[in-house]
There are 2 protein chains.
Amino acid sequence: MSSTPQGARARARIEVTAAIKDEARRQLAAEGAAKLSLRAVARELGMVSSALYRYFPSRDELLTALIIDAYNSLGEAAEAAHDAVADAGHVRRWIAVCEAVRAWALGHPHEYALIYGSPVPGYTAPQTTVPAAARVGLLLIAIVRDAHQGPGLTNSPLPADLHPEADRMTADLAPDLPPEAVTALVASWAQLYGLVGFELFGQFNRVVEDREPFFRHAVERLAHGVGLK
Amino acid sequence: MSSTPQGARARARIEVTAAIKDEARRQLAAEGAAKLSLRAVARELGMVSSALYRYFPSRDELLTALIIDAYNSLGEAAEAAHDAVADAGHVRRWIAVCEAVRAWALGHPHEYALIYGSPVPGYTAPQTTVPAAARVGLLLIAIVRDAHQGPGLTNSPLPADLHPEADRMTADLAPDLPPEAVTALVASWAQLYGLVGFELFGQFNRVVEDREPFFRHAVERLAHGVGLK
DNA sequence: CTAAAAAGAGAGCACTGCTCTTGCTTTGGA
DNA sequence: TCCAAAGCAAGAGCAGTGCTCTCTTTTTAG
C-alpha cells in the first residue's frame, strides 16, 4: 500500500498546478493581466513553456482559474469582515461588507480589475465562475434577509413597469423578501462596484481625496436605500 | 499663394492621422483594445508598420487618442440627450443623461471598456484626457445647479467626519452648491457607472433580464438621492 | 513485465511592438 | 533658383508572445 493515495504522479500534478497558479498570480499582481505571460511563468518555474500546456490548455484557462480564486478570495474577505461584526446592527454589517470589498480591491487591484474591470481580450467568463462570483451578493442578501425577519425593511414603492422584472428577480434571488428590497439590493450591489471601481481606476483622482469617509457615507446611504435602518 | 495653407504635406499628415484613428477605432470596436494591433492597422491602410510610428510614437499614444475621442463621443451623446429634454423637469433631464450614457455604452462596448473598464496594460491615463473625461460630470453638475437655483434641493445632512472633504470637493467642483448635494452627486456619478458596467460586463446575466426599467428606476432614485425632485 | 498514458524538452509557426538604416520627396531659407 | 534640412515611407531585424507538433523519458496500470 502506498502513502500517496493516487500515486506520486497525481500528487506532483497537484503541486505543479498550484505552483503555476502561484507564479501566475504573482505576475498578475505585479504587472496586470495583460502582461501575464505563459512563457514567463514557465521560465520562472524552470520549465519549458510547452510543458505548461499539460496543466492549462490555454492562457484563458489559466486566467479563468485565477478569476475563480480571486472571486473566492474577495468573498472570503467579505465574509470574514461580516462575521467580525455579526452581532452589530444590519447597517453596520452592510457597511463592513462594503468596506471589505473596497479594502480587498485596493489591496489586489489587478485581481479586482480582472474580475470586475472590463473582461480581458475577447474573453467571456465561463459558467464555472458563477458560484464564486455570487459570494458577496449572497452575503448582502443574507443581511437584508436578517433585517427583514428582524426589525423589518422600509422601502419605497416600485413603478408599475418594473413589477414583472422585480417579481422575477425576487423569485430567483430571495423569494422571502419584498420585491422593493430585492430591486434596491441588486442596484446597490452594482453601485457599490461603481464606487470601488472609480476609486481604483483613477476616476476619483483630483476629485475625491479623503476617500474612506466618502465611501463609508456612500455605502451607508446604499444601506438605507435597500431599507436597512 | 497656395490653396493649402500649411502646404500639402501638413494636409496629408492630418488625413493620414485621421485614417489611422478611424481604422484603429474600427478594430477597437470589432475586437477590443487588447487585440488592437498597430501592424494590422498599418496593413489595412496599405502602409508598412514602421511608417505608422511617424504619426503615433507608440501603441499607447494611439490608445490615448482613441480614449479622448471616446470621452468626447460619450459626452456629446449625453449632451444631445440632455438638450433634447432641456425643458423638462430636473429629474427627467438627469434620467435622460444617465440613459444616454447607458445607450452609448451598449452601442460602443469596447470603447466604454477602454475608458471606464480596467485601464489597459500598465497604462495610466495622461492629463490630456481630463477635460474630455469631465463632460458627463459637468452635465450632471449643471442639472443639479439648475435645480438648486430653481425649486431647490432636498439633501440629508452629512456626518461630521465627511465635512472637510465635502467642503473641499464643493470648492473644487461647484462652490455655489450645498456640500450635501455635491457629495451625493459625486457618489451618484460613480454609482451610475457601476450600473452601466455591471450590465455591460455581464454581471447582470441571469440576474437582471429586463434592464431598461430596472436602470431607469435606479437612476431615478439616484436623482432623488442628490436632492432633485 | 509490458503496453499505455502522462510528462517534459525542443523546434518551429505566425504574430506582436518597436528600432534602425536606407533611400526618396517635400519644404523653406540663401 | 538651388540646396541643405526635415519629413516620410519602406524594409530588415530584434525580442517577445501563444500555441502546436514531434520526440524522448518516466510513471502507471493490467
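Proteins come first, then strands; the chains are lettered A, B, ... in the order of their sequence lines, and each starts at number 1. Because only heavy atoms are used, hydrogens play no part in the values below, and waters and symmetry mates are left out as well, while side chains stay in. This one's a predicted model, so the numbers in the text were calculated from it and none came from an experiment.
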Could you state the [atom1]-[atom2] distance from [X] to [N], rounded to the nearest angstrom?
X: B/Leu63; N: C/dG17; atom1: CG; atom2: C1'; result: 12 Å
X: A/Leu45; N: C/dG8; atom1: CG; atom2: C1'; result: 13 Å
X: B/Lys35; N: C/dT16; atom1: NZ; atom2: C1'; result: 13 Å
X: A/Phe56; N: C/dG8; atom1: CZ; atom2: P; result: 13 Å
X: A/Arg54; N: D/dC21; atom1: CZ; atom2: P; result: 12 Å
X: A/Leu52; N: C/dA6; atom1: CG; atom2: C1'; result: 15 Å
X: A/Tyr53; N: C/dA11; atom1: OH; atom2: P; result: 18 Å
X: B/Met47; N: D/dC8; atom1: CE; atom2: C1'; result: 9 Å

With the threshold set at 4.0 Å, does a side-chain nitrogen-carboxylate oxygen contact exist between A/Glu99 and A/Arg102?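 Looking at A/Arg102 together with A/Glu99, the answer is no, because their closest N to O distance does not fall below 4.0 Å.
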Carboxylate-amine/guanidinium contact A/Arg168 A/Asp172, below 4.0 Å: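 Here A/Arg168 pairs with A/Asp172 in a salt bridge, since their nearest N and O are under 4.0 Å apart.
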Strictly below 4.0 Å: does B/Tyr55 bring a side-chain N or O up to OP1 or OP2 of D/dA9?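 For D/dA9, OP1/OP2 do have a side-chain N/O of B/Tyr55 under 4.0 Å.
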Option from A/Tyr116, A/Phe201, A/Phe198 for which ring pair (Phe, Tyr, Trp, His ring centres under 6.0 Å) with A/Tyr193 holds: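 Option passing the ring pair (Phe, Tyr, Trp, His ring centres under 6.0 Å) with A/Tyr193: A/Tyr116.
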Any N/O donor-acceptor pair, A/Arg9 side-chain to C/dA6 base, under 3.5 Å: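 Flag set: donor-acceptor pair detected.
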Mind checking whether B/Trp104 and B/His108 have parallel, tilted or perpendicular rings, split at 30° and 60°?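 It falls in the parallel class, under 30°.
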Should the pair A/Trp189 and B/Phe204 be assigned to parallel (<30°), tilted (30 to 60°) or perpendicular (>60°) ring geometry?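 A/Trp189 and B/Phe204: tilted rings.
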Using heavy-atom distances to pick each residue's nearest nucleotide on DNA chain D, tell me which of B/Ser50 and A/Pro57 is more 5'.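 On the 5' side of the pair lies B/Ser50.
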Heavy atoms under 4.0 Å, any strand shown: does A/Ser49 hit a base, just sugar-phosphate, or nothing?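 Base contact.
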Using atom names, set out every protein N or O paired with an N or O of nucleotides 14-17 of chain D below 3.5 Å, distance rounded to 0.1 Å.
from, atom 1, to, atom 2, distance (Å)
D/dT17, OP1, A/Ser37, OG, 2.9
D/dT17, OP2, A/Arg43, NH2, 2.5

To the nearest 0.5 Å, what is the distance between [atom1] ([X]) and [atom2] ([Y])?
X: B/Ser188; Y: B/Arg221; atom1: OG; atom2: CZ; value: 11.5 Å
X: B/Ile95; Y: B/His82; atom1: CD1; atom2: NE2; value: 12.5 Å
X: B/Ile115; Y: B/Leu63; atom1: CD1; atom2: CG; value: 12.5 Å
X: A/Thr183; Y: A/Met169; atom1: OG1; atom2: CE; value: 4.0 Å

Below 3.5 Å is the cut-off: list the nitrogen or oxygen pairs between protein and nucleotides 1-3 of chain C, distance only.
none

